[in-house]
2 protein chains.
Amino acid sequence: MDGKAYIAQRPKRADGRRNYDAILAAARKAFESTGADASLEDIASQAGVAIGTLYRHFPTRASLVEAATRDGLENLVAHAERLSGAADPLDALTAWMREAVAHFSTFRGLVGILAQSMYDEGTPSHTMCNAMHRSGADLLRAAQAAGSVRPDLTPDELFDLLSGAAWVREQAAGDRDGSPRFLQLVLEGITIPRA
Amino acid sequence: MDGKAYIAQRPKRADGRRNYDAILAAARKAFESTGADASLEDIASQAGVAIGTLYRHFPTRASLVEAATRDGLENLVAHAERLSGAADPLDALTAWMREAVAHFSTFRGLVGILAQSMYDEGTPSHTMCNAMHRSGADLLRAAQAAGSVRPDLTPDELFDLLSGAAWVREQAAGDRDGSPRFLQLVLEGITIPRA
DNA sequence: TTGACATCCTGAGGGTGCCTCAGGTTAAAT
DNA sequence: ATTTAACCTGAGGCACCCTCAGGATGTCAA
């Protein structure tokens, strides 16, 4: 199983690259404003390209979403590595969690796709999700080792909590954004008060 | 604004009632197996009825979902009333929360609709959601009065937590159902240990 | 029993979106 | 200049949504 089979490769010919980029830009805009179920035909026409061209570069909707959000996930992983070994592991973990929730709710419907990708191999985003999973797990372990977080919390559970927070955030888009509060409650729920 | 304007009325003629019931039964089965986005044309044909008949009784998909899940919500409210004034308000609250999560994830996509209905008036399920909100708020208040739950938790936040738990549950359908654990974490997070 | 009629049912049809594929075009390598 | 693999196009088949004009029928009152 070559995981990359699903991942759109950046094309080599100049016109191909141009269109690839245009489609990606249009997709980002459309996802932002409409959600992950934006019309692919709209995206194509917005990119000034026929629908077949979009499918050539991104054979599935998931692959397009993956390409449109790869940067964000990479940043998340990079940030985790920067934070690892911080003076206060709990601060590091909470800061990262906040960022993770923010990214997960970049647009409506993303968190569902990511949650799917997390445990479903053969999904475009699966590789990136795995990397993120490892990053988060490291930060969690450190915070647990420092005695700041309940030791029985597993990485999977951490991601369930993060996903839940992101989902709540995307539901209440705009007004009544209960997400900071949700995450706050979760954080206070899993941390161990400094005696 | 008459909230009932959207709610499908049980038709009066015998054939109408028959079809209404058949559609509802087919819808329940379809939602159960496919999710809230099941094909309405499939539901109609499964009920042995033309598509126009389905739309006659249930002008919108939301109204059909509402009708298919009304019983469950009513039970939830009734159960809350039965639990109110229980000897141990915390037990009552947790029992009710578990039941609520179970109902919210009756089928894939329901919790999203309910979360929407909760704060969006003019939605078919809004009335029922309001009733449920009140029930939950009562149980929460009691548990808080007993000193068992952190006093700053609002009913809205409680429902965000419940929705999040239900959403996580519906994501991990089948294997790896992290939902009991999720709710457990949330509960331990919001309760105040008995000194 | 028999109208009369409001209620109900039907299903074709127009709209949107998904995705494929046969055929035409073009960048790039030789 | 030729070749060719990469690329692009957009019509078309499929599924689903939702509406509406016209036909069928249950109900009730006479």
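Lettering of chains follows the sequences in order, A, B, ..., and the numbering in each one begins at 1.
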Distance-only criterion, 3.5 Å: show the donor-acceptor pairs between side-chain atoms of residues 35-44 of chain A and protein atoms not counting sequence neighbours.
residue	atom	partner	partner atom	Å
A:Asp37	OD1	A:Arg108	NH2	3.0
A:Ser39	OG	A:Glu41	N	3.3
A:Ser39	OG	A:Asp42	N	3.1

Distance in angstrom units between B:Asp21 CG and C:dC8 P, rounded
13 Å

With rounding to the nearest 0.5 Å, note down the distance linking CZ in A:Phe104 to OG1 in A:Thr69.
10.5 Å

Considering only residues two or more places apart or on different chains, which pairs with a residue in residues 79-97 of chain B satisfy salt bridge (Lys or Arg N to Asp or Glu O under 4.0 Å)?
B:Asp88-B:Arg194

Would you kindly give the CZ-to-C1' distance between B:Arg10 and C:dC8, to the nearest whole Å?
15 Å

Aromatic rings A:His133 and A:Phe159: how do their planes relate, parallel, tilted or perpendicular, breaks at 30° and 60°?
parallel

Just how far is it from atom CG of A:Leu114 to atom CE of A:Met132, taken to the nearest 0.5 Å?
6.5 Å

Could you tell me the separation between the CD1 atom of A:Ile23 and the C1' atom of D:dC8, rounded to a whole number of Å?
10 Å

Among residues 28-54 of chain A, which ones have heavy-atom contacts with DNA chain D below 4.0 Å?
A:Val49, A:Ala50, A:Ile51, A:Gly52, A:Thr53

B:His57 side chain near C:dC8 phosphate (N/O to OP1/OP2, under 4.0 Å):
no

Nearest-angstrom distance from the residue atom CG of B:Leu64 to C1' of D:dC17:
14 Å

Rounded to whole Å, please give me the gap between CZ in B:Arg56 and C1' in D:dA21.
14 Å

Reference residue A:Val149; test side-chain contact (heavy atoms from CB on, under 4.5 Å); the match among A:Leu90, A:Thr94, A:Ile192:
A:Leu90

Please, which pairs that meet salt bridge (Lys or Arg N to Asp or Glu O under 4.0 Å) have at least one residue in residues 18-34 of chain A, sequence neighbours excluded?
A:Arg10-A:Asp21, A:Arg28-A:Asp71

With sequence neighbours excluded, residues passing side-chain hydrogen bond (donor to acceptor under 3.5 Å, both in side chains) with A:Gln184:
A:Glu188

For nucleotides 27-30 of chain C, print each protein N/O atom paired with a nucleotide N/O atom at under 3.5 Å, atom names and distance only.
residue	atom	partner	partner atom	Å
C:dA27	O4'	A:Arg13	NE	3.3
C:dA28	OP1	A:Ala14	N	3.1

